[in-house]
Amino acid sequence: VEPTNIVSENDDMQRVTDEASAMNKRIHYYSRLTSPADRALIAPDHVLPAPDEIYVYSPLGTAFKVDSCTDGYGKNSSLVTIFMIWNTMMGTSILSIPWGIKQAGFTSGIILILLMGILTLYCCYRVVKSRQMIPLADTSNWEFPDVCKYYFGSFGQWSSLLFSMVSLVGAMVVYWVLMSNFLFNTGKFIYNFVHDINVTDIVPGTNGSNKVICPSAASDHPPQNRSVMFSSGNRTGFELFEEWWDKSQTVPFYLIAVLLPLLNLKSPSFFAKFNVLGTVSVVYLVFLVTVKAVHLGIHLEFNWFTENEFFVPEFRFLFPQLTGILTLAFFIHNCVITLLQNNRNQENNVRDLSIAYFLVGLTYLYVGVIIFASFPSPPLSKECIEQNFLDNFPSDDIMSFVARIFLLFQMMTVYPLLGYLARVQLLRQFFGNAYPSLFHVLILNLAIVGAGVAMARFYPNIGGIIRYSGATCGLAFVFMYPSLIYMISLHRAGQLTWPVLIIHIFIILLGLANLIAQFLL
């Protein structure tokens with residue numbers, strides 16, 4: 001045997017040993033998240049070596065399989081890593097981006113999307129580097145909450161848990177409001193189609209096959225199924241349907257019968273198999289936006305500081321409402337270490353993270369700009385753009401109906417996963433067990449579901465919910481903790497300079513101002 005071959009074989013054996021050691025550390029990390037009897041978060045497929053296929057699971061509710069994308073040791077290529085990060089960040093915020101641009105003004109909205117993308121990317125980079133700056137022998141199985149605990153003790157541990165719960169429960173509340181909306185419009189479409197009912201909503205809108213409506217302009221007539229009937233049908237049955245199929249009065253309660261039992265399951269891992277619909281939904285929304293823009297055309301008029309009947313100024317003082325939404329839209333900071341630690345080439349982490357953020361920002365920018373620019377003004381005002389832009393299309397619009405069906409089914413499969421993550425994080429901290437008893441789990445789930453039903457009933461404004469929860473959890477995970485940890489680590493190393501100190505204090509103040517502004521506007 002040639003000496004070079006012996007060296008090569010030894011290197012291969014050492015590589016296998018190193019990879020196995022790293023794999024065991026990752027298994028140990030996931031095992032800490034749940035009880036031994038519950039396998040949902042123990043050694044997920046994407047941290048195990050798989051020569052033929054890999055399953056990627058995202059904490060925010062996305063799961064997909066990628067064939068032949070690993071090197072046989074459980075490592076992902078840069079392309080897969082970029083797609084994982086993009087897929088994780090693309091959430092319900094995309095539905096509110098056009099409304100946020102309207103609140104900020106078209107020009108300032110575009111600028112803010114770019115600036116917030118750059119700022120949150122930098123803070124995300126600081127999160128990735130925070131673990132590497134800890135002078136301990138082994139931190140390979142640490143996530144960002146562990147880093148916070150190291151630097152800030154029990155305060156960091158419990159505060160990171162609090163803000164993580166804010167993001168999870170906030171997402172679940174938004175999901176409940178959206179599911180109520182999508183279920184209502186879907187049921188309305190099916191009822192009218194089955195009973196051959198031709199209706200015209202009592203809301204202002206455009207004419208033609210690509211109708212756009214303005215629900216907010218009909219404040220005396222909420223955009224429900226209250227309509228003027230033109231063709232034959234059982235009016236008594238129609239009125240009865242309206243009474244029992246109401247977007248805020250009844251439909252949010254119907255969801256309880258379906259989702260509450262699913263939340264009480266010990267392991268909801270079955271639903272991860274369907275979450276590839278999240279990617280399909282985003283792709284379809286981009287397709288829908290493109291088709292609508294082609295048919296509606298571009299309707300823009302640049303009024304820099306003055307408002308008229310149909311257009312809004314380019315710069316508005318309501319811009320913090322967009323920054324609150326964008327804080328959550330670009331939020332991945334509490335799980336980015338997990339997503340990047342399986343990258344095959346760790347030296348490419350910064351590049352891959354930057355590319356992923358660029359693609360996320362480009363997607364948000366495309367959807368937001370196209371919807372705003374193509375919104376038909378006149379005859380409708382840009383102020384008519386809804387917090388969920390699908391509400392600007394009537395329930396009998398076929399493309400919007402398909403989008404609502406996709407999103408409804410996808411959210412109903414993600415919701416139990418979000419509830420499971422909330423249960424694991426909260427009950428493990430207090431009881432040492434993710435499922436101490438059915439009673440404990442039921443009480444927690446009733447509280448979460450009750451919050452969703454209450455919001456869908458009394459405050460069904462997803463833009464408001466997203467910006468409040470985004471600014472709250474963003475203050476900790478995006479602006480404050482990454483900056484503080486970076487400054488503390490430099491100070492301990494004797495490398496902290498005044499420019500670095502001033503810049504990162506300014507970043508913290510921006511996050512604080514972003515949160516305060518949500519309650520003032």
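Everything numeric in this text was worked out from a predicted model, so none of it was measured. We count residues from 1, following the sequence as given. Excluded from the calculations below are hydrogen atoms, water molecules and symmetry mates; all remaining heavy atoms, backbone and side chain alike, are included.
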Enquirer: Mind checking whether Tyr481 and Phe152 have ring centres under 6.0 Å apart?
Expert: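 Centroid distance Tyr481-Phe152: below 6.0 Å, so yes.
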Enquirer: Which atoms form the tightest heavy-atom contact between Ile465 and Gly170, and what is the distance?
Expert: CG2-O, 4.2 Å
Enquirer: Taking Ser180 for the side chain and Ala456 for the main chain, is one N or O donor matched with an acceptor at less than 3.5 Å?
Expert: no
Enquirer: Are the charged groups of Arg404 and Asp397 less than 4.0 angstrom apart, N to O?
Expert: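 No, no charged N to carboxylate O under 4.0 Å.
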Enquirer: Do Leu339 and Ile332 come within less than 4.5 Å of each other through their side chains, counting heavy atoms only?
Expert: yes
Enquirer: Just how far is it from atom CG of Leu178 to atom CE of Met411, taken to the nearest 0.5 Å?
Expert: 4.5 Å
Enquirer: Per the side chain to side chain contact (heavy atoms under 4.5 Å, CB included) rule, which among Pro482, Ser164, Cys123 passes with Phe477?
Expert: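 Per the side chain to side chain contact (heavy atoms under 4.5 Å, CB included) rule, the option paired with Phe477 is Ser164, out of Pro482, Ser164, Cys123.
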Enquirer: Check Asn87, Asn343, Leu359 against Ile82 for a side chain to side chain contact (heavy atoms under 4.5 Å, CB included) and give me the one that passes.
Expert: Leu359
Enquirer: What distance do Cys473 atom SG and Leu328 atom CG have between them, rounded to the nearest 0.5 Å?
Expert: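 Output value for this atom pair is 5.5 Å.
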Enquirer: Would you say the side chain of Gln103 lies within less than 4.5 Å of the side chain of Trp99, judging by non-hydrogen atoms?
Expert: yes
Enquirer: Got a sec: does the OH of Tyr459 have more than 12 other heavy atoms crowding it under 6.0 Å?
Expert: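 Yes, because the 6.0 Å sphere around OH of Tyr459 holds more than 12 heavy atoms from other groups.
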Enquirer: Identify the two heavy atoms, one from Pro98 and one from Val367, that lie closest to each other, and give their separation to 0.1 Å.
Expert: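 Answer, listing the atom of Pro98 first, then Val367: CG-O, 4.1 Å.
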Enquirer: Would Ile97 and Leu326 satisfy side-chain contact (heavy atoms from CB on, under 4.5 Å), going step by step from the backbone distance to the final call?
Expert: CA-CA 8 Å; Ile97 294 295; Leu326 291 173; 3.8 Å; yes
Enquirer: Is there a donor in the side chain of Gln429 and an acceptor in the side chain of Gln157, or the other way round, less than 3.5 Å apart?
Expert: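 Looking only at side-chain atoms, Gln157 and Gln429 do form a donor-acceptor pair, the distance falling under 3.5 Å.
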Enquirer: State the OG1-CE distance between Thr363 and Met89, to the nearest 0.5 angstrom.
Expert: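 One finds 9.5 Å between OG1 of Thr363 and CE of Met89.
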Enquirer: Is the shortest side-chain heavy-atom distance between Met179 and Leu259 below 4.5 Å?
Expert: yes
Enquirer: For ring-ring contact (aromatic ring centres under 6.0 Å, His included), just list the numbers for Trp244 and Phe253, CA-CA rounded to whole Å, side-chain angles, deciding distance to a tenth of an Å, and then say yes or no.
Expert: CA-CA 11 Å; Trp244 289 96; Phe253 294 92; over 10 Å; no
Enquirer: How many angstroms lie between CD1 in Ile337 and CG in Asn342, if you round to the nearest 0.5 Å?
Expert: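 Atom-to-atom, Ile337:CD1 and Asn342:CG are 12.5 Å apart.
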Enquirer: Quick check with a 6.0 Å cut-off and a 45 degree axis cone: is Arg126 positioned over the face of Tyr486's six-membered ring?
Expert: yes
Enquirer: Just do the side-chain contact (heavy atoms from CB on, under 4.5 Å) check on Phe401 and Asn185 with the steps written out, would you?
Expert: CA-CA 8 Å; Phe401 169 75; Asn185 282 286; over 6 Å; no
Enquirer: Can you tell me if Tyr284 uses its side chain to pair, donor with acceptor, with the backbone of Met399 under 3.5 Å?
Expert: yes
Enquirer: Shortest non-hydrogen contact from Leu263 to Val441?
Expert: O-CG1, 4.3 Å
Enquirer: Taking the side chain as every heavy atom from C-beta outward, state whether Arg457 and Pro252 have any atom pair closer than 4.5 Å.
Expert: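 Answer no - side chains too far apart.
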Enquirer: Please report the interatomic distance OG(Ser130) to CD1(Ile485), rounded to the nearest 0.5 Å.
Expert: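 Taking OG in Ser130 and CD1 in Ile485, the distance rounds to 5.0 Å.
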Enquirer: Please confirm whether the ring centroid of Phe330 lies under 6.0 Å from the ring centroid of Tyr364.
Expert: yes
Enquirer: Should Phe331 and Thr120 count as side-chain neighbours, where that means a heavy-atom distance under 4.5 Å?
Expert: no
Enquirer: Regarding Asp396 and Asn192, is there a side-chain donor-to-acceptor distance under 3.5 Å anywhere?
Expert: no
Enquirer: Within the side chain of Thr323, is there an N or O that forms a donor-acceptor pair under 3.5 Å with the backbone of Pro320?
Expert: yes
Enquirer: Would you check if the distance from the ring center of His440 to the ring center of Phe431 is below 6.0 Å?
Expert: yes
Enquirer: Checking side-chain contact (heavy atoms from CB on, under 4.5 Å) for the pair Ile213/Asp391: CA distance, chi angles, key distance, verdict?
Expert: CA-CA 8 Å; Ile213 60 175; Asp391 285 343; over 6 Å; no
Enquirer: Measure across Gln410 and Ser281 and return the closest heavy-atom pair with its distance rounded to 0.1 Å.
Expert: CB-OG, 4.2 Å
Enquirer: Distance from Leu510 atom CG to Leu515 atom CG, nearest 0.5 Å?
Expert: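 Those atoms lie 13.0 Å apart.
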Enquirer: Measuring only between side-chain heavy atoms, which start at C-beta, is Asp246 closer than 4.5 Å to Glu242?
Expert: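 When only atoms from C-beta onward are counted, Glu242 and Asp246 do not touch, as no gap falls below 4.5 Å.
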Enquirer: Under the 3.5 angstrom rule, does the side chain of Arg423 hit a backbone N or O of Asn264 as a donor-acceptor pair?
Expert: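 It does not hold such a pair.
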Enquirer: Is there a side-chain contact between Asn349 and Thr81, using heavy atoms and a 4.5 Å cut-off?
Expert: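 A side-chain contact is absent here, since even the closest heavy-atom pair is not under 4.5 Å.
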Enquirer: Within 45 degrees of the axis of the six-membered ring of Phe372 and under 6.0 Å from its centre: does Lys102 put its NZ or CZ there?
Expert: no
Enquirer: Whether the side chain of Trp176 engages the backbone of Val449 through a donor-acceptor N/O pair (distance < 3.5 Å, no angle test) should be reported.
Expert: no
Enquirer: When the ring centroid of Phe241 is compared with that of Tyr191, is the distance short of 6.0 Å?
Expert: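 Yes, close enough.
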Enquirer: Do Asn514 and Thr327 have side-chain atoms, one donor and one acceptor, less than 3.5 Å apart?
Expert: yes
Enquirer: Would you confirm whether Arg131, through its side chain, and Trp142, through its main-chain N or O, come within 3.5 Å as a donor-acceptor pair?
Expert: yes
Enquirer: Check whether any side-chain N or O of Asn392 sits under 3.5 Å from a backbone N or O of Glu386 as a donor-acceptor pair, and report yes or no.
Expert: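 Answer holds: yes.
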Enquirer: Could you tell me if the side chain of Leu79 sits less than 4.5 Å from the side chain of Phe83, heavy atoms only?
Expert: no
Enquirer: When the ring centroid of Trp86 is compared with that of Tyr357, is the distance short of 6.0 Å?
Expert: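 No - the distance between ring centres of Trp86 and Tyr357 does not fall below the 6.0 Å cut-off.
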Enquirer: Could you walk me through whether Ile190 and Val194 pass the side-chain contact (heavy atoms from CB on, under 4.5 Å) check?
Expert: CA-CA 6 Å; Ile190 294 174; Val194 170; 4.1 Å; yes
Enquirer: Can you see which heavy atom on Gly109 is nearest to which on Leu322, and at what distance?
Expert: CA-CD2, 3.6 Å
Enquirer: Determine the minimum heavy-atom distance between Ala471 and Gln518, stating which atoms define it.
Expert: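 Taking Ala471 first and Gln518 second, the nearest heavy atoms are CB-CG, 3.7 Å.
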